[in-house]
Amino acid sequence: MFLSAVLLLTGSVHGYLFLRVSSMHGMPSEATCALGGVLALLWMTTVAGFVLERLLPPALARPLAWVGHTWQGTSFILLCCLLLTEPFRFLPEVLAASGVALNLSASAPSDLNGWLSLVAVTAGVVLAGVALFDAIRGPRVVHVTVPIPNLPPEWHGLRIAQISDVHVGNTVRNRYVRRLSKSIRNLQPDLLAITGDLVDGPVYRLSEQLAPLLEWKPPLGIAFAPGNHEYYAGAEEWLEFLQSHGVQVLRNGHVQHERGGAALVVAGVDDFAAPRFGGPGPDLAAALKGAPAEAPVILLAHQPPAIGAARDAGVALQLSGHTHGGQIVPFNLLVRLDQPHVAGLFRHGGTWLYVSRGTGWWGPPMRLGAPAELTLLECVSA
């Protein structure tokens, strides 16, 4: 049923693209058949990449994923640009119906449609190129200061580097991870917090691609809370792999740090998707069991809606991701229907919530209006 829905949706999009693109001003009639063939091939490549990229050998999966996902993003941007021009296509008829006298030739409406299609397609291709470049160049460093009430003086100035939704897989590879690791090291954080969706594939295919991220550890180490994609990729194997490389895996657990006798708790909860795969799901009470009540808590939770339990438990700061900030505008508007907090810093009672736009990408290797980020949060006494 899911595959049928994907085929129907993507097929409808490609059908619409064919109708509009074939009407572009200056499009020769003999090019229409070629256009239909190219769009059909790209449609099949997109679907094949979506279904087969984790099953095929890497030598075949990677180029298929690059072509399929890049076209997936490009077709979405083209669709949005063309839809924006739809009201203008009927402008002559609307004006005529309103009694506005127009001295137009019989071909004027079709000429207008052709010009609108040309402008929309040109804008879509340019925006797709910008989005591709913005993703591949890597995340921007975002500095955030978080004033935390009753933060012990010993922990004033705590520096946390947060990465989220890297999605190491067929398109996010070792080179990207190596550049990211270098950027993190240059920031010299006290703690590296990874808030889920680190990988998109099994350990045996991606362990070498992820390795540069685990070569250096800040003073307080690397803390990790799983996201939904860890479960799609085989959560138990990945959590065991990360633990074996010295990562503090916080699946409903915590670690306690001390400076000058002052305690700080770094906790993490499981993802909401976990019960569908046999995981425990988020349990903040279990995560904080045994933690000193007076210690400020930094909570790693992949999905922002965990803020309700965090607020009730008096957590100082929750770090989340999952939304990608929408990744490609205007998709952020749809994300907001499911996630009220799409990106940025928010206050819930006495608890702060920071939602990362993500450090890599999922699906299309594109970022438009929602650049990837490597976040450096500085916690200060309020």
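All values below were derived from every heavy atom in this structure, side-chain atoms included, with hydrogens, water molecules and symmetry-related copies excluded.
- Judged by distance alone, with hydrogens and angles left aside, the side-chain atoms of S207 form no donor-acceptor pair with the main-chain N or O of Y204 at under 3.5 Å.
- In the displayed structure, N150 atom CG is contacted under 6.0 Å by at most 12 heavy atoms of other residues, nucleotides or ligands.
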Stepwise side chain to side chain contact (heavy atoms under 4.5 Å, CB included) test for L192 and W216: CA-CA 10 Å; L192 173 58; W216 174 82; 6.0 Å; no
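- Atom CZ of R175 has 12 or fewer neighbouring heavy atoms from other residues, nucleotides or ligands inside a 6.0 Å radius.
- No hydrogens or angles considered: a donor-acceptor pair under 3.5 Å links the side chains of T10 and W43.
- Using modelled atom types, one finds no donor on one side chain facing an acceptor on the other under 3.5 Å when comparing R62 with N170.
- Classified by interplanar angle (parallel below 30°, tilted 30° to 60°, perpendicular above 60°), the ring pair F346/H341 is tilted.
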Check against side-chain hydrogen bond (donor to acceptor under 3.5 Å, both in side chains), S23 and S117: CA-CA 7 Å; S23 71; S117 297; 3.0 Å; yes
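- The structure places NE2 of H156 at 10.5 Å from SG of C379, a figure rounded to the nearest 0.5 Å.
- In this structure a side-chain-to-backbone donor-acceptor pair under 3.5 Å is missing from N228 to A273.
- Checking each of L242, V203, V172, V166 against L210 for a side-chain contact (heavy atoms from CB on, under 4.5 Å) leaves exactly one that passes, namely L242.
- Side-chain contact between P202 and E237 is absent, with no heavy-atom pair separated by less than 4.5 Å.
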F241 and H245: CA distance, side-chain angles, deciding distance, ring-ring contact (aromatic ring centres under 6.0 Å, His included) verdict: CA-CA 7 Å; F241 172 83; H245 285 74; 4.3 Å; yes
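- Counting non-hydrogen atoms of other residues, nucleotides and ligands closer than 6.0 Å to CD of E240 gives a total of 12 or fewer.
- Ion pairing between a basic and an acidic side chain is recognised when a charged N comes within 4.0 Å of a carboxylate O; E236 and R251 show such pairing.
- For T195 (side chain) and H302 (main-chain N/O), no donor-acceptor pair under 3.5 Å exists by modelled atom type.
- Residues passing the side chain to side chain donor-acceptor pair (under 3.5 Å) test with R178, sequence neighbours excluded: N174.
- Of the possible donor and acceptor atoms, none in the side chain of H167 sits under 3.5 Å from a partner among the backbone N and O of V199.
- A distance of 12.0 Å separates CD in Q72 from CG in L42, rounded to the nearest 0.5 Å.
- Residues L78 and T74 have side chains in contact (heavy-atom distance under 4.5 Å, counting atoms from C-beta outward).
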Evaluation steps, side chain to side chain contact (heavy atoms under 4.5 Å, CB included), between I148 and W155: CA-CA 10 Å; I148 296 180; W155 290 105; over 6 Å; no
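- Contact of the Q243 side chain with the Q248 side chain is not registered, since no non-hydrogen atoms from C-beta on lie closer than 4.5 Å.
- N252 places a side-chain N or O within donor-acceptor distance of the main-chain N or O of G281, the cut-off being under 3.5 Å.
- Enclosure of atom CD in E208 is not indicated, since only 12 or fewer non-hydrogen atoms of other residues, nucleotides or ligands lie within 6.0 angstrom.
- Taking the side chain as every heavy atom from C-beta outward, L376 and V144 never approach each other to under 4.5 Å.
- Expressed to the nearest 0.5 Å, how far CG of L82 lies from CZ of R20 amounts to 5.0 Å.
- Shortest non-hydrogen contact noted between I160 and A193 is CG2-CB, 4.0 Å.
- The pair D200-R205 does not meet the salt-bridge criterion, since no charged nitrogen lies less than 4.0 angstrom from a carboxylate oxygen.
- For the pair W352 and R347, the minimum side-chain heavy-atom distance is below 4.5 Å.
- At distances below 3.5 Å, not a single donor-acceptor pair connects side-chain atoms of E53 with backbone N or O atoms of A61.
- Proximity of L345 to L353: side-chain heavy atoms (C-beta onward) are nowhere separated by under 4.5 Å.
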Test side chain to side chain contact (heavy atoms under 4.5 Å, CB included) applied to T85 and V119, step by step: CA-CA 9 Å; T85 67; V119 170; 5.9 Å; no
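- Taking the six-membered ring where the residue is Trp, the centroids of Y232 and F277 are separated by under 6.0 Å.
- With a 4.5 Å cut-off on side-chain heavy atoms, L264 and P296 count as touching.
- A heavy-atom distance below 4.5 Å is not found between the side chains of L158 and E378.
- Residue L374 comes nearest to S183 through the heavy atom pair CD2-CB, 3.7 Å, listed as atom of the first residue, atom of the second, then distance.
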Side chain to side chain contact (heavy atoms under 4.5 Å, CB included) between V265 and I298, intermediate numbers included: CA-CA 6 Å; V265 172; I298 310 296; over 6 Å; no
R140 vs D134, salt bridge (charged side-chain N to carboxylate O under 4.0 Å, His left out): CA-CA, chis, key distance, verdict: CA-CA 10 Å; R140 305 174 186 179; D134 196 20; 3.5 Å; yes
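- Distance check: L284 CG to D270 CG gives 12.5 Å after rounding to the nearest 0.5 Å.
- Using modelled atom types, no side-chain atom of E154 and backbone atom of E258 make a donor-acceptor pair closer than 3.5 Å.
- In terms of hydrophobic clustering, with Ile, Leu, Val, Met, Phe, Trp and Tyr side chains grouped at heavy-atom distances under 4.5 Å, L17 and L118 are assigned to a common cluster.
- Taking CD1 from I222 and CG from L213, the interatomic distance works out to 6.0 Å, rounded to the nearest 0.5 Å.
- Side-chain atoms of R173 do not come within 3.5 Å of backbone N or O of V168 as any donor-acceptor pair.
- With 3.5 Å as the limit, one finds no donor-acceptor pair spanning the side chains of Q318 and T351.
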CA sep, side-chain torsions, deciding dist, call: H229, W238, side-chain hydrogen bond (donor to acceptor under 3.5 Å, both in side chains): CA-CA 11 Å; H229 280 254; W238 271 116; over 6 Å; no
Pairs of donor and acceptor atoms involving the side chains of residues 355-370, under 3.5 Å and at least two apart or interchain, shall be tabulated with distances.
| from | atom 1 | to | atom 2 | distance (Å) |
| --- | --- | --- | --- | --- |
| S356 | OG | G358 | N | 2.9 |
| R357 | NE | P371 | O | 2.6 |
| R357 | NH2 | P371 | O | 3.3 |
| T359 | OG1 | S164 | N | 3.0 |
| T359 | OG1 | S164 | O | 3.2 |
| T359 | OG1 | E373 | O | 3.0 |
| W361 | NE1 | T171 | OG1 | 2.9 |
| R367 | NE | G360 | O | 3.2 |
| R367 | NH1 | H324 | O | 2.8 |
| R367 | NH1 | R357 | O | 2.9 |
| R367 | NH1 | A370 | O | 2.9 |
| R367 | NH2 | R357 | O | 2.9 |
| R367 | NH2 | G360 | O | 2.8 |

Evaluation steps, side-chain hydrogen bond (donor to acceptor under 3.5 Å, both in side chains), between E215 and S181: CA-CA 8 Å; E215 292 173 354; S181 180; 5.7 Å; no
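- Side chains of D165 and H322: a donor-acceptor N/O pair is absent below 3.5 angstrom, by distance only.
- In this structure, the separation between CD1 on I163 and CD1 on I194 is 4.0 Å, given to the nearest 0.5 Å.
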